[in-house]
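Here's the structure we're looking at; comments come further down.
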Amino acid sequence: MSAATPPAQSPTERRVSARVGSISESATLAVDAKAKALKAAGRPVIGFGAGEPDFPTPDYIVDAAAEACRDTRNHRYTPAGGLPELKTAIAEKTLRDSGYEIDPAQVLVTNGGKQAIYESFAAVLDPGDEVIVPAPYWTTYPESIRLAGGVPVPVVADETTNYLVSIEQLEAARTERTKMVVFVSPSNPTGAVYPHAQVEAVGKWAVEHGLWVMTDEIYEHLVYGDASFTSLPAVVPELRDKCVVVNGVAKTYAMTGWRVGWIIGPKDVVKAATNLQSHATSNVSNVSQVAAAAAVSGSLDAVAEMRTAFDRRRRTIVRMLNEIEGVVCPEPEGAFYAYPSVKGLLGKEIRGRRPATSVELAELILEEAEVAVVPGEAFGTPGYLRLSYALGDEDLAEGVSRMQKLLGEARD
(Lines give C-alpha, C1' and ligand atoms only; values in the text may rest on other atoms or scores of the structure.)
Protein backbone atom coordinates (compact mmCIF):
# COMPACT_ATOMS: atom_id res chain seq x y z
CA MET A 1 0.00 0.00 0.00
CA SER A 2 1.28 3.46 -0.87
CA ALA A 3 2.26 5.66 2.06
CA ALA A 4 -0.07 8.33 0.68
CA THR A 5 -3.10 5.99 0.75
CA PRO A 6 -4.91 5.90 4.09
CA PRO A 7 -5.85 2.44 5.34
CA ALA A 8 -9.43 1.38 4.74
CA GLN A 9 -11.69 1.74 7.76
CA SER A 10 -14.06 -0.96 8.89
CA PRO A 11 -17.68 0.04 9.56
CA THR A 12 -17.03 -0.08 13.30
CA GLU A 13 -14.00 2.24 12.99
CA ARG A 14 -15.69 4.79 10.72
CA ARG A 15 -16.76 7.90 12.62
CA VAL A 16 -18.71 9.51 9.75
CA SER A 17 -21.00 7.41 7.58
CA ALA A 18 -19.76 6.58 4.10
CA ARG A 19 -22.96 8.06 2.65
CA VAL A 20 -22.53 11.48 4.24
CA GLY A 21 -18.75 11.41 4.26
CA SER A 22 -18.73 11.17 0.48
CA ILE A 23 -20.67 14.42 0.05
CA SER A 24 -18.53 17.38 -0.99
CA GLU A 25 -18.87 20.85 0.52
CA SER A 26 -20.75 23.36 -1.63
CA ALA A 27 -17.97 24.96 -3.66
CA THR A 28 -19.91 28.15 -4.29
CA LEU A 29 -20.65 28.67 -0.61
CA ALA A 30 -17.04 27.83 0.27
CA VAL A 31 -15.71 30.47 -2.11
CA ASP A 32 -18.20 33.01 -0.80
CA ALA A 33 -17.25 32.24 2.81
CA LYS A 34 -13.55 32.63 2.05
CA ALA A 35 -14.14 35.96 0.29
CA LYS A 36 -16.20 37.25 3.23
CA ALA A 37 -13.55 36.12 5.71
CA LEU A 38 -10.83 37.97 3.79
CA LYS A 39 -13.00 41.10 3.62
CA ALA A 40 -13.59 40.88 7.37
CA ALA A 41 -9.82 40.75 7.80
CA GLY A 42 -9.49 44.01 5.90
CA ARG A 43 -8.67 42.71 2.43
CA PRO A 44 -10.50 44.54 -0.42
CA VAL A 45 -11.83 41.32 -1.92
CA ILE A 46 -14.55 41.45 -4.56
CA GLY A 47 -16.64 38.30 -4.64
CA PHE A 48 -18.17 36.83 -7.80
CA GLY A 49 -18.85 33.54 -6.03
CA ALA A 50 -22.34 33.34 -4.60
CA GLY A 51 -25.48 33.55 -6.73
CA GLU A 52 -27.18 36.09 -4.54
CA PRO A 53 -28.91 39.28 -5.75
CA ASP A 54 -27.45 42.43 -4.23
CA PHE A 55 -30.89 44.01 -3.97
CA PRO A 56 -32.98 44.10 -0.77
CA THR A 57 -36.18 42.08 -0.61
CA PRO A 58 -39.01 44.36 -1.88
CA ASP A 59 -40.77 46.35 0.85
CA TYR A 60 -44.22 44.87 0.33
CA ILE A 61 -42.83 41.40 1.05
CA VAL A 62 -41.01 42.58 4.19
CA ASP A 63 -44.17 44.33 5.37
CA ALA A 64 -46.17 41.13 4.99
CA ALA A 65 -43.58 39.28 7.07
CA ALA A 66 -43.60 41.93 9.80
CA GLU A 67 -47.37 41.65 10.06
CA ALA A 68 -47.10 37.86 10.16
CA CYS A 69 -44.75 38.06 13.14
CA ARG A 70 -47.51 39.68 15.20
CA ASP A 71 -50.14 37.10 14.20
CA THR A 72 -50.14 34.44 16.91
CA ARG A 73 -51.30 31.79 14.45
CA ASN A 74 -47.81 31.88 13.01
CA HIS A 75 -46.27 31.12 16.40
CA ARG A 76 -47.43 27.49 16.16
CA TYR A 77 -46.82 24.39 14.07
CA THR A 78 -48.55 24.37 10.70
CA PRO A 79 -48.96 21.59 8.09
CA ALA A 80 -45.61 20.07 7.11
CA GLY A 81 -46.41 20.47 3.42
CA GLY A 82 -46.97 24.20 3.56
CA LEU A 83 -49.57 26.82 4.44
CA PRO A 84 -52.71 26.17 2.34
CA GLU A 85 -52.83 29.83 1.27
CA LEU A 86 -49.25 29.66 -0.01
CA LYS A 87 -49.86 26.43 -1.91
CA THR A 88 -52.87 28.05 -3.56
CA ALA A 89 -50.82 31.14 -4.39
CA ILE A 90 -48.08 28.98 -5.94
CA ALA A 91 -50.67 27.17 -8.08
CA GLU A 92 -52.04 30.51 -9.30
CA LYS A 93 -48.55 31.89 -9.94
CA THR A 94 -47.60 28.75 -11.91
CA LEU A 95 -50.59 29.18 -14.21
CA ARG A 96 -49.85 32.92 -14.60
CA ASP A 97 -46.13 32.55 -15.34
CA SER A 98 -45.87 29.14 -17.00
CA GLY A 99 -49.27 28.36 -18.43
CA TYR A 100 -49.19 25.17 -16.35
CA GLU A 101 -52.42 24.46 -14.47
CA ILE A 102 -51.96 22.51 -11.25
CA ASP A 103 -53.86 21.67 -8.08
CA PRO A 104 -52.56 22.98 -4.72
CA ALA A 105 -52.32 19.33 -3.65
CA GLN A 106 -49.48 18.99 -6.16
CA VAL A 107 -47.36 21.51 -4.20
CA LEU A 108 -44.92 20.91 -1.34
CA VAL A 109 -43.36 24.00 0.28
CA THR A 110 -39.74 23.38 1.27
CA ASN A 111 -36.90 25.05 3.14
CA GLY A 112 -35.38 26.56 0.02
CA GLY A 113 -34.64 25.08 -3.38
CA LYS A 114 -31.96 22.68 -2.15
CA GLN A 115 -34.39 20.79 0.05
CA ALA A 116 -36.83 20.65 -2.85
CA ILE A 117 -34.15 19.16 -5.08
CA TYR A 118 -33.07 16.51 -2.59
CA GLU A 119 -36.63 15.51 -1.73
CA SER A 120 -37.52 15.24 -5.42
CA PHE A 121 -34.70 12.77 -5.97
CA ALA A 122 -35.39 10.92 -2.71
CA ALA A 123 -39.06 10.47 -3.58
CA VAL A 124 -38.40 9.00 -7.03
CA LEU A 125 -35.03 7.24 -7.04
CA ASP A 126 -34.13 3.77 -5.83
CA PRO A 127 -30.53 2.67 -5.16
CA GLY A 128 -28.58 2.39 -8.41
CA ASP A 129 -31.01 4.39 -10.56
CA GLU A 130 -29.14 6.58 -13.03
CA VAL A 131 -29.88 10.26 -13.53
CA ILE A 132 -28.63 12.09 -16.62
CA VAL A 133 -27.27 15.49 -15.58
CA PRO A 134 -26.28 18.01 -18.29
CA ALA A 135 -22.96 19.64 -17.44
CA PRO A 136 -21.85 22.24 -16.54
CA TYR A 137 -24.24 21.53 -13.67
CA TRP A 138 -25.03 23.25 -10.38
CA THR A 139 -22.91 21.66 -7.67
CA THR A 140 -25.89 20.43 -5.62
CA TYR A 141 -27.50 18.21 -8.27
CA PRO A 142 -25.02 15.28 -8.32
CA GLU A 143 -24.52 15.35 -4.56
CA SER A 144 -28.28 15.21 -3.92
CA ILE A 145 -28.63 12.37 -6.41
CA ARG A 146 -25.92 10.38 -4.61
CA LEU A 147 -27.44 11.10 -1.21
CA ALA A 148 -30.76 9.75 -2.52
CA GLY A 149 -29.02 6.56 -3.66
CA GLY A 150 -28.89 7.41 -7.35
CA VAL A 151 -25.99 7.60 -9.80
CA PRO A 152 -25.38 10.91 -11.62
CA VAL A 153 -24.39 10.53 -15.28
CA PRO A 154 -22.94 13.80 -16.64
CA VAL A 155 -23.50 14.83 -20.26
CA VAL A 156 -21.09 17.65 -21.12
CA ALA A 157 -21.77 20.65 -23.35
CA ASP A 158 -19.25 23.41 -23.96
CA GLU A 159 -18.98 26.97 -25.23
CA THR A 160 -19.20 25.86 -28.88
CA THR A 161 -22.90 25.02 -28.39
CA ASN A 162 -23.56 27.78 -25.83
CA TYR A 163 -23.65 25.00 -23.22
CA LEU A 164 -26.78 23.35 -24.65
CA VAL A 165 -26.86 19.55 -24.75
CA SER A 166 -28.42 17.79 -27.73
CA ILE A 167 -30.95 14.97 -27.88
CA GLU A 168 -28.20 12.84 -29.43
CA GLN A 169 -26.01 13.37 -26.37
CA LEU A 170 -28.86 12.53 -24.01
CA GLU A 171 -29.68 9.39 -25.97
CA ALA A 172 -26.04 8.29 -25.95
CA ALA A 173 -26.04 8.52 -22.13
CA ARG A 174 -29.28 6.59 -21.66
CA THR A 175 -29.01 3.02 -20.37
CA GLU A 176 -31.45 0.44 -19.03
CA ARG A 177 -30.78 1.90 -15.55
CA THR A 178 -31.67 5.49 -16.51
CA LYS A 179 -34.70 6.67 -14.56
CA MET A 180 -34.52 10.46 -14.61
CA VAL A 181 -33.12 13.46 -16.45
CA VAL A 182 -32.27 16.83 -14.90
CA PHE A 183 -33.32 19.76 -17.09
CA VAL A 184 -32.47 23.36 -16.19
CA SER A 185 -33.24 26.47 -18.26
CA PRO A 186 -32.15 29.18 -17.54
CA SER A 187 -29.04 27.44 -16.27
CA ASN A 188 -26.78 27.85 -13.31
CA PRO A 189 -23.78 28.05 -13.87
CA THR A 190 -23.81 28.99 -17.57
CA GLY A 191 -26.84 31.23 -18.05
CA ALA A 192 -27.84 29.07 -21.03
CA VAL A 193 -31.50 29.18 -22.12
CA TYR A 194 -32.97 26.42 -24.28
CA PRO A 195 -35.14 27.53 -27.23
CA HIS A 196 -38.79 26.48 -27.12
CA ALA A 197 -38.33 23.83 -29.82
CA GLN A 198 -35.43 22.21 -27.99
CA VAL A 199 -37.35 22.18 -24.68
CA GLU A 200 -40.22 20.43 -26.44
CA ALA A 201 -37.83 17.95 -28.05
CA VAL A 202 -36.27 17.04 -24.69
CA GLY A 203 -39.70 16.51 -23.16
CA LYS A 204 -40.90 14.30 -25.99
CA TRP A 205 -37.67 12.28 -25.87
CA ALA A 206 -38.22 11.68 -22.14
CA VAL A 207 -41.83 10.62 -22.76
CA GLU A 208 -40.74 8.25 -25.55
CA HIS A 209 -38.41 6.43 -23.18
CA GLY A 210 -40.59 6.56 -20.06
CA LEU A 211 -38.15 8.75 -18.13
CA TRP A 212 -38.79 11.08 -15.23
CA VAL A 213 -37.64 14.70 -15.49
CA MET A 214 -36.67 17.02 -12.64
CA THR A 215 -36.74 20.56 -13.98
CA ASP A 216 -35.42 23.52 -11.97
CA GLU A 217 -37.25 26.74 -12.88
CA ILE A 218 -35.87 29.06 -10.21
CA TYR A 219 -34.44 31.53 -12.78
CA GLU A 220 -37.64 31.63 -14.87
CA HIS A 221 -38.00 35.44 -14.72
CA LEU A 222 -34.35 36.21 -15.44
CA VAL A 223 -34.05 36.01 -19.24
CA TYR A 224 -32.62 38.65 -21.57
CA GLY A 225 -32.67 39.82 -25.17
CA ASP A 226 -34.66 37.57 -27.49
CA ALA A 227 -34.53 34.59 -25.13
CA SER A 228 -37.70 33.38 -23.43
CA PHE A 229 -38.46 30.96 -20.63
CA THR A 230 -40.31 27.76 -21.53
CA SER A 231 -41.79 25.48 -18.86
CA LEU A 232 -41.28 21.85 -19.84
CA PRO A 233 -44.55 20.37 -18.48
CA ALA A 234 -46.50 23.25 -20.00
CA VAL A 235 -45.33 22.47 -23.55
CA VAL A 236 -45.26 18.66 -23.18
CA PRO A 237 -48.47 17.84 -21.25
CA GLU A 238 -47.97 14.08 -21.68
CA LEU A 239 -44.86 14.37 -19.46
CA ARG A 240 -46.71 15.78 -16.46
CA ASP A 241 -47.24 12.45 -14.71
CA LYS A 242 -43.46 11.96 -14.61
CA CYS A 243 -42.26 15.53 -14.13
CA VAL A 244 -41.17 17.24 -10.93
CA VAL A 245 -40.75 21.03 -11.02
CA VAL A 246 -38.50 22.77 -8.48
CA ASN A 247 -38.78 26.50 -7.86
CA GLY A 248 -38.55 29.14 -5.14
CA VAL A 249 -38.53 32.82 -4.27
CA ALA A 250 -34.78 33.23 -3.66
CA LYS A 251 -33.54 34.56 -7.01
CA THR A 252 -36.61 36.26 -8.46
CA TYR A 253 -37.50 38.28 -5.38
CA ALA A 254 -34.04 38.69 -3.76
CA MET A 255 -35.07 36.36 -0.91
CA THR A 256 -32.10 34.00 -0.58
CA GLY A 257 -32.14 34.27 3.22
CA TRP A 258 -35.86 33.61 3.62
CA ARG A 259 -35.51 29.92 2.65
CA VAL A 260 -38.69 29.12 0.75
CA GLY A 261 -38.80 26.78 -2.21
CA TRP A 262 -41.31 24.29 -3.52
CA ILE A 263 -41.92 21.11 -5.46
CA ILE A 264 -44.68 20.69 -8.03
CA GLY A 265 -45.34 17.14 -9.16
CA PRO A 266 -47.72 14.19 -9.34
CA LYS A 267 -49.76 13.90 -6.14
CA ASP A 268 -48.28 10.56 -5.07
CA VAL A 269 -44.71 11.87 -5.37
CA VAL A 270 -45.57 15.11 -3.57
CA LYS A 271 -47.27 13.10 -0.79
CA ALA A 272 -44.18 10.90 -0.41
CA ALA A 273 -41.88 13.93 -0.29
CA THR A 274 -44.20 15.56 2.24
CA ASN A 275 -43.95 12.47 4.45
CA LEU A 276 -40.16 12.71 4.25
CA GLN A 277 -40.23 16.39 5.16
CA SER A 278 -42.59 15.76 8.08
CA HIS A 279 -39.79 13.76 9.72
CA ALA A 280 -36.85 15.86 8.51
CA THR A 281 -37.87 19.46 9.20
CA SER A 282 -41.66 19.76 9.57
CA ASN A 283 -43.08 23.05 8.30
CA VAL A 284 -41.10 25.89 6.78
CA SER A 285 -40.99 29.04 8.93
CA ASN A 286 -44.51 30.48 8.89
CA VAL A 287 -43.27 34.06 8.64
CA SER A 288 -41.22 33.18 5.55
CA GLN A 289 -44.19 31.37 4.02
CA VAL A 290 -46.41 34.43 4.46
CA ALA A 291 -43.69 36.57 2.87
CA ALA A 292 -43.43 34.11 -0.02
CA ALA A 293 -47.20 34.24 -0.56
CA ALA A 294 -46.99 38.03 -0.82
CA ALA A 295 -44.09 37.69 -3.27
CA VAL A 296 -45.67 35.25 -5.72
CA SER A 297 -49.07 36.99 -5.57
CA GLY A 298 -47.72 40.49 -5.99
CA SER A 299 -46.56 42.69 -8.83
CA LEU A 300 -43.51 41.74 -10.88
CA ASP A 301 -42.43 45.40 -11.17
CA ALA A 302 -39.54 44.98 -8.69
CA VAL A 303 -38.43 41.87 -10.58
CA ALA A 304 -38.38 43.83 -13.82
CA GLU A 305 -36.14 46.49 -12.24
CA MET A 306 -33.69 43.85 -11.04
CA ARG A 307 -33.71 42.17 -14.44
CA THR A 308 -32.84 45.48 -16.12
CA ALA A 309 -29.82 45.88 -13.83
CA PHE A 310 -28.72 42.27 -14.37
CA ASP A 311 -29.01 42.71 -18.13
CA ARG A 312 -26.75 45.77 -18.03
CA ARG A 313 -24.19 43.95 -15.91
CA ARG A 314 -24.41 40.88 -18.14
CA ARG A 315 -23.35 42.84 -21.19
CA THR A 316 -20.56 44.58 -19.28
CA ILE A 317 -19.04 41.43 -17.81
CA VAL A 318 -19.13 39.51 -21.10
CA ARG A 319 -17.46 42.36 -22.96
CA MET A 320 -14.74 42.79 -20.34
CA LEU A 321 -14.02 39.08 -20.01
CA ASN A 322 -13.71 38.64 -23.76
CA GLU A 323 -11.13 41.44 -23.81
CA ILE A 324 -8.75 39.11 -21.90
CA GLU A 325 -6.54 37.10 -24.23
CA GLY A 326 -7.08 33.39 -23.63
CA VAL A 327 -10.65 33.83 -22.31
CA VAL A 328 -13.76 32.91 -24.31
CA CYS A 329 -17.11 33.88 -22.77
CA PRO A 330 -20.40 33.17 -24.59
CA GLU A 331 -23.17 35.64 -23.84
CA PRO A 332 -25.51 34.17 -21.21
CA GLU A 333 -29.20 34.56 -22.01
CA GLY A 334 -30.54 33.97 -18.50
CA ALA A 335 -29.88 33.79 -14.74
CA PHE A 336 -27.00 36.02 -13.53
CA TYR A 337 -23.83 34.08 -14.30
CA ALA A 338 -21.04 34.26 -16.84
CA TYR A 339 -19.14 31.03 -17.52
CA PRO A 340 -15.97 31.81 -19.48
CA SER A 341 -13.56 29.21 -20.78
CA VAL A 342 -10.06 29.92 -19.44
CA LYS A 343 -8.38 26.94 -21.10
CA GLY A 344 -6.30 29.39 -23.14
CA LEU A 345 -4.63 30.62 -19.94
CA LEU A 346 -3.78 27.30 -18.34
CA GLY A 347 -0.09 26.48 -18.27
CA LYS A 348 0.95 30.06 -18.96
CA GLU A 349 3.20 31.95 -16.57
CA ILE A 350 1.44 34.55 -14.43
CA ARG A 351 3.53 36.24 -11.74
CA GLY A 352 5.93 33.36 -11.49
CA ARG A 353 3.31 30.62 -11.42
CA ARG A 354 1.88 28.35 -14.10
CA PRO A 355 -1.65 27.33 -13.09
CA ALA A 356 -2.42 23.97 -14.67
CA THR A 357 -6.09 23.83 -13.68
CA SER A 358 -8.93 26.28 -13.24
CA VAL A 359 -8.77 25.55 -9.50
CA GLU A 360 -5.18 26.80 -9.44
CA LEU A 361 -6.09 29.78 -11.62
CA ALA A 362 -8.96 30.74 -9.29
CA GLU A 363 -6.57 30.55 -6.33
CA LEU A 364 -4.09 32.78 -8.16
CA ILE A 365 -6.80 35.32 -8.99
CA LEU A 366 -7.90 35.44 -5.35
CA GLU A 367 -4.39 35.80 -3.98
CA GLU A 368 -2.99 38.23 -6.55
CA ALA A 369 -6.06 40.24 -7.65
CA GLU A 370 -8.22 39.80 -4.55
CA VAL A 371 -11.13 38.62 -6.68
CA ALA A 372 -13.13 35.50 -5.76
CA VAL A 373 -14.44 33.28 -8.58
CA VAL A 374 -15.55 29.64 -8.64
CA PRO A 375 -13.52 27.15 -10.71
CA GLY A 376 -15.25 24.97 -13.29
CA GLU A 377 -14.28 21.78 -11.46
CA ALA A 378 -17.16 22.56 -9.06
CA PHE A 379 -19.60 22.30 -11.99
CA GLY A 380 -18.18 19.19 -13.62
CA THR A 381 -16.18 20.99 -16.33
CA PRO A 382 -12.54 21.87 -15.58
CA GLY A 383 -11.08 24.75 -17.56
CA TYR A 384 -13.80 27.30 -16.80
CA LEU A 385 -14.69 29.90 -14.18
CA ARG A 386 -18.11 30.97 -12.95
CA LEU A 387 -18.70 34.62 -12.13
CA SER A 388 -21.98 35.84 -10.69
CA TYR A 389 -22.88 39.32 -11.90
CA ALA A 390 -25.46 39.79 -9.14
CA LEU A 391 -23.31 42.46 -7.51
CA GLY A 392 -23.06 46.22 -7.82
CA ASP A 393 -21.96 47.80 -11.12
CA GLU A 394 -18.89 49.45 -9.58
CA ASP A 395 -17.69 46.27 -7.88
CA LEU A 396 -18.26 44.31 -11.08
CA ALA A 397 -16.20 46.71 -13.19
CA GLU A 398 -13.44 46.94 -10.58
CA GLY A 399 -13.28 43.17 -10.10
CA VAL A 400 -13.04 42.32 -13.79
CA SER A 401 -10.54 45.15 -14.30
CA ARG A 402 -8.31 43.54 -11.69
CA MET A 403 -8.62 40.24 -13.54
CA GLN A 404 -7.78 41.93 -16.84
CA LYS A 405 -4.63 43.42 -15.38
CA LEU A 406 -3.48 40.18 -13.76
CA LEU A 407 -4.34 37.80 -16.59
CA GLY A 408 -2.99 40.23 -19.16
CA GLU A 409 0.44 39.38 -17.76
CA ALA A 410 0.15 35.75 -18.93
CA ARG A 411 3.18 34.60 -20.93
CA ASP A 412 4.13 31.33 -22.61
Side-chain angles (χ1 to χ4, degrees), residues 87 89-108 113 116-117 120-121 123-124 131-134 137-138 141 155 157 161-171 173-174 178-188 190-248 251-252 261-270 296 300 303 307 332-335:
K87 295 171 73 169
I90 289 169
E92 292 172 351
K93 166 254 176 296
T94 302
L95 179 60
R96 177 195 71 191
D97 296 343
S98 304
Y100 180 23
E101 186 171 2
I102 60 168
D103 188 282
Q106 293 179 254
V107 178
L108 166 61
I117 288 165
S120 296
F121 292 136
V124 173
V131 182
I132 296 174
V133 185
Y137 47 65
W138 185 41
Y141 299 137
V155 173
T161 64
N162 287 326
Y163 305 113
L164 303 177
V165 299
S166 66
I167 297 297
E168 291 73 21
Q169 286 180 288
L170 295 174
E171 177 61 22
R174 185 176 63 85
T178 304
K179 188 170 188 179
M180 181 178 268
V181 181
V182 173
F183 182 77
V184 189
S185 175
S187 164
N188 173 7
T190 65
V193 177
Y194 283 77
H196 183 283
Q198 201 163 347
V199 174
E200 186 175 16
V202 169
K204 290 185 175 180
W205 171 81
V207 170
E208 179 185 354
H209 298 291
L211 302 179
W212 283 82
V213 176
M214 192 283 285
T215 180
D216 187 341
E217 298 186 348
I218 202 159
Y219 294 99
E220 62 181 327
H221 288 292
L222 299 178
V223 291
Y224 315 104
D226 295 330
S228 60
F229 164 72
T230 303
S231 179
L232 186 54
V235 297
V236 186
E238 57 268 41
L239 180 64
R240 294 177 184 181
D241 192 50
K242 283 194 170 184
C243 185
V244 180
V245 178
V246 172
N247 208 328
K251 314 298 183 177
T252 299
W262 57 82
I263 294 169
I264 296 170
K267 291 181 180 179
D268 56 341
V269 171
V270 169
V296 301
L300 291 170
V303 179
R307 184 170 58 244
E333 293 185 312

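Being a predicted model, the structure only gives us computed values, none of them experimental.
The heavy-atom pair separating Q169 from L164 by the smallest distance is OE1-O, 4.2 Å. Minimum interatomic distance between T215 and C243 (heavy atoms only, all atoms of both residues): CG2-SG, 3.9 Å. Here the shortest heavy-atom pairing between S120 and M214 reads CB-CG, 4.1 Å. Of all heavy-atom pairs spanning P186 and Y219, the tightest one is CG-O, 3.4 Å. When all heavy atoms of A157 and T161 are compared, the pair lying nearest together is CB-OG1, 3.9 Å. Contact record, Q198 with V165: NE2-O, 2.9 Å, taken as the closest heavy-atom pair.
For the atom pair I263 CD1 and N247 CG, the distance stands at 11.5 Å (nearest 0.5 Å). Of the inter-residue distances, the one linking Y224 atom OH with E333 atom CD reads 11.5 Å to the nearest 0.5 angstrom. I117 CD1 to D216 CG: the interatomic distance, rounded to the nearest 0.5 Å, is 5.0 Å. W262 CH2 to Q106 CD: the interatomic distance, rounded to the nearest 0.5 Å, is 15.0 Å. Between the OG1 atom of T178 and the CG atom of L211 there is a distance of 6.5 Å, given to the nearest 0.5 Å. In this structure, OG1 in T94 is found 3.5 Å from CD1 in I264, a value given to the nearest 0.5 Å.
Although no hydrogens or angles enter the test, the distance criterion places no donor-acceptor pair under 3.5 Å between the side chain of R240 and the main chain of G265. One N or O on the side chain of K242 and one on the backbone of G210 form a donor-acceptor pair closer than 3.5 Å. Not a single donor-acceptor pair under 3.5 Å links the side chain of S98 to the backbone N or O of Y100.
Taking the side chain as every heavy atom from C-beta outward, V155 and V133 never approach each other to under 4.5 Å. Proximity of W212 to V181: side-chain heavy atoms (C-beta onward) are nowhere separated by under 4.5 Å. The closest side-chain heavy-atom distance from L170 to R174 is not below 4.5 Å. Residues V244 and V269 are in side-chain contact: their nearest non-hydrogen atoms beyond the backbone lie under 4.5 Å apart. Residues V124 and K179 meet the side-chain proximity criterion, which asks for heavy atoms closer than 4.5 Å. The shortest side-chain heavy-atom distance between Y141 and V184 falls under the 4.5 Å cut-off. Under the 4.5 Å side-chain criterion, counting only non-hydrogen atoms from C-beta, P233 is in contact with V245.
E101 CD: 12 or fewer foreign heavy atoms inside a 6.0 Å radius. Environment of CG in D226: sparse, with no more than 12 heavy atoms of neighbouring residues, nucleotides or ligands closer than 6.0 Å. Counting heavy-atom neighbours within 6.0 Å of D103 CG, excluding the residue itself, gives a total above 12.
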Test side chain to side chain contact (heavy atoms under 4.5 Å, CB included) on H221 and K251 and set out the steps.
CA-CA 9 Å; H221 288 292; K251 314 298 183 177; over 6 Å; no
Walk me through it: do V235 and V199 pass the test side chain to side chain contact (heavy atoms under 4.5 Å, CB included)?
CA-CA 8 Å; V235 297; V199 174; 4.1 Å; yes
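Between K204 and E200 there is a salt bridge, with a side-chain nitrogen of the basic residue lying less than 4.0 Å from a carboxylate oxygen of the acidic one. The pair K93-E220 meets the salt-bridge criterion, since a charged nitrogen lies less than 4.0 angstrom from a carboxylate oxygen.
Between Y137 and N188, the side chains place no donor N or O within less than 3.5 Å of an acceptor N or O (distance only, hydrogens not considered).
Checked options V236, L232, V182; the residue passing with V213 is L232 (criterion: side chain to side chain contact (heavy atoms under 4.5 Å, CB included)).
Residues F183 and Y194 bring their aromatic ring centres within 6.0 Å.
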